[in-house]
Amino acid sequence: MHRNDGVCFTSSSFKIPVPSPSQTLASPLSRARHSLFQLLHSLRNRSLPPTTSTHSPLLCCASLSLTAQTYDLLNAPLLCSASLSLSQPNPPDSTQSGSEVPQKGQSTTAGRFDEERVLISEVLVRNKDGEELERKDLEMEALTALKACRANSALTVREVQEDVHRIIDSGYFSSCMPVAVDTRDGIRLVFQVEPNQEFHGLVCEGANVLPSKFLEDAFREGHGKVVNLKRLDEVINSINGWYMERGLFGLVSGVDIFSGGIIRLQVAEAEVNNISIRFLDRKTGEPTKGKTKPETILRQLTTKKGQVYSMLQGKRDVDTVSTMGLMADVSIIPQPAGDAGKVDLVMNVVERPSGGFSAGGGISSGITSGPLSGLIGSFAYSHRNLFGRNQKLNISLERGQIDSIFRINYTDPWIEGDDKRTSRTIIIQNSRTPGTLVHGNQHDNSSLSIGRVTAGVEFSRPLRPKWSGTAGLIFQHAGARDEKGNPIIKDFYGSPLTASGKPYDDMLVAKFECVCTGSGDQGSSMFAFNMEQGLPVMPEWLFFNRVNARARKGVEIGPTRLLLSLSGGKVVGSFSPHEAFAIGGTNSVRGYEEGAVGSGRSYVVGSSEVSFPM
């Protein structure tokens, strides 16, 4: 289809006045009915004195109005209505009493006139000047729309009124005025119509987010043709539907057709005027003072001041604030702003308790032996909203028969002043884990443990949808110990337990990790790549490179689900033996204890699982 260069688009702000409730169709329609009653009354009394001309035309006019109520932005339809009125000029010497319509018993007369029929000898369609229409196709459209009005037919007021509406409803005419003329051959009914103009251009005001291409595609088909109001109503509904599908507060609030065939659409879009946070008490639901700083919540929102408000975007913002872990309940309430066409957003939040202590115990299988095999206990303190900025502090201690972990973890999920949502994590950890994962059981049944002191900082940020990256710098001081906690450098077989030959190995590691996650559900697809580089800042510090990759893919096969996973890694350079890849356990080869299959500088493990509902 060729491009219509005559279509032009503009955009500007527009204030929409709310129509008065008194502007209804009841009054015009009642006047129309009353005038038709006058027509029938005059036809029944055609033997009146000659002061009333028998050839005076009885005029009946219909007018079209297009309105759209603005107080319901999502469901306001475009209303198309026609009002009908008939009148007969009074003779100069007519008396006031003759022109008055009786008030008493009017409803009875109206019902009788509704059913009285008048014989019509001829039905014509003409223009507003009474001449034939230039376009015969429009004349045929009007005649085709008629249902009751036919030549040599007896018509009632209701039937004429309905046919006037049918002509207007065809969409091709802006007005319809039935003229009843008393001729020698009988009553001639002429429908004087005014066709709509040909469409030659479009001006759209107030549509800031509506794509111009959408408007071009909607109106291009009618360019150069007579404007059809039914088709125009469909286009307006499609525009309103475009806003509704995207959850946007917007609709077409007004339509005008100017001389020259220019259509002007006035679009009302509800812009966000202000966003505020209101804290509610958990028990009473009344407004209260919150611990979280409002700017900490506001920076999580994708809805910004000046944007057209989207309910879908608002729902995503509610989910985002909920995932912060600080709120027990979150909701957004739109409210009309002082300026017309704008909306204020109030986010109601109910805060959770920000911190507390916890303690617990459990069993970790496959790491120790004896009557209390795998028994561990834990104690922790956590605070999830330090300084009201959603910063998190966790201090925890886990203790078992041999293994123990003491950890201090501080996380700032969004560094202040950063626009990339970068998070910062500081870690300090002192751990002791069984050495059997790599070195196996000792010949003399003595236990071997690996002690590590770790401190580091990591930065993470989203790279693209479903992709995130992490970079960090970590220092580690690690070595092997016997049952009494004394450092050792060789095992029972004389194999070295450290790479430097000293009781402890020191390393400064630069870390990079990239992760792609699917839906997040159990068994969803995932890919992770991890690389660690040892930096020999000091001569005795280790220099090595360690690469590790993991991939997982879930496939639906009927009611069952097939889960495929593949992982592999390699280490080059000088590294501690206890840093080798351990194979065996729930995370690699199930059915074996941790590290029971083997360990080494490089590895590849593949697995497949099938799950099905019981």
Under the salt bridge (Lys or Arg N to Asp or Glu O under 4.0 Å) rule, collect the residues that match up with [X], sequence neighbours excluded.
| X | result |
| --- | --- |
| Asp281 | none |
| Arg166 | Glu162, Asp163 |
| Glu139 | Lys136 |
| Glu416 | Arg389 |

Can you find a heavy atom in the side chain of [X] that is under 4.5 Å from one in the side chain of [Y]?
| X | Y | answer |
| --- | --- | --- |
| Leu265 | Phe219 | yes |
| Ile262 | Val203 | yes |
| Tyr243 | Val209 | yes |
| Thr292 | Asn390 | no |
| Asn152 | Ile120 | no |

Provide the closest heavy-atom pair for [X] versus [Y] in the form atom of the first, atom of the second, distance.
| X | Y | answer |
| --- | --- | --- |
| Val125 | Ala142 | CG1-CB, 3.9 Å |
| Pro559 | Pro613 | O-CD, 3.2 Å |
| Val349 | Met327 | CB-SD, 3.9 Å |
| Ala148 | Leu155 | O-CD2, 3.3 Å |
| Val343 | Pro334 | CG2-CB, 3.8 Å |

Return the set of residues passing side chain to side chain donor-acceptor pair (under 3.5 Å) with [X] (not counting sequence neighbours), or none when no residue passes.
| X | value |
| --- | --- |
| Arg246 | none |
| Arg282 | none |
| Arg299 | none |
| Glu159 | Arg117 |

Salt bridge or not for [X] and [Y], using N-O below 4.0 Å?
| X | Y | answer |
| --- | --- | --- |
| Arg135 | Glu198 | yes |
| Arg421 | Asp418 | no |
| Asp182 | Arg188 | no |

Verdict with supporting geometry, Leu210 and Ile239, side-chain contact (heavy atoms from CB on, under 4.5 Å): CA-CA 8 Å; Leu210 185 67; Ile239 295 175; 3.8 Å; yes
Could you check whether any side-chain N or O of [X] sits under 3.5 Å from a backbone N or O of [Y], counting only pairs where one atom can act as donor and the other as acceptor?
| X | Y | value |
| --- | --- | --- |
| Asn127 | Glu194 | no |
| Asn196 | Gly171 | yes |
| Glu351 | Ala328 | no |
| Ser121 | Ile187 | yes |
| Asp233 | Leu229 | no |

Residues which pass side chain to side chain contact (heavy atoms under 4.5 Å, CB included) with Glu234, listed by chain and number, not counting sequence neighbours: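 Here the qualifying residues are Arg231.
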Side chain to side chain contact (heavy atoms under 4.5 Å, CB included) partners for Leu298, two or more places apart: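 Residues passing side chain to side chain contact (heavy atoms under 4.5 Å, CB included) with Leu298: Ile275, Ile277, Leu301.
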Test log, rule side chain to side chain donor-acceptor pair (under 3.5 Å), inputs Thr302 and Gln313: CA-CA 7 Å; Thr302 57; Gln313 191 175 7; 3.2 Å; yes
Mutual orientation of the aromatic rings belonging to His200 and His223 [parallel < 30°, tilted 30-60°, perpendicular > 60°]: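 Answer is perpendicular, since the angle exceeds 60°.
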Pairs involving residues 303-318, ordered by first then second residue, that meet salt bridge (Lys or Arg N to Asp or Glu O under 4.0 Å) (sequence neighbours left out):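 Sorted result for residues 303-318: Lys315-Asp319.
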Audit row: Leu232, Val255, side-chain contact (heavy atoms from CB on, under 4.5 Å) steps and yes/no: CA-CA 9 Å; Leu232 181 60; Val255 183; 3.7 Å; yes
If you measure only the distance, is there a donor-acceptor pair under 3.5 Å linking the side chains of [X] and [Y]?
| X | Y | value |
| --- | --- | --- |
| Ser259 | Gln197 | no |
| Gln266 | Ser253 | no |
| Asn273 | Asp344 | yes |

Working for side-chain contact (heavy atoms from CB on, under 4.5 Å), residues Leu146 and Phe191: CA-CA 10 Å; Leu146 298 178; Phe191 291 95; 3.9 Å; yes
Neighbour count above 12 (heavy atom, 6.0 Å) for Glu556 CD: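 Result for CD/Glu556: enclosed.
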Gap between atom CZ of Arg552 and atom OG of Ser525 - 0.5 Å precision: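 That separation rounds to 8.0 Å.
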Of all pairs that satisfy ring pair (Phe, Tyr, Trp, His ring centres under 6.0 Å), the ones with a partner from residues 299-320, not counting sequence neighbours: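 Qualifying pairs, neighbours excluded: Phe249-Tyr309.
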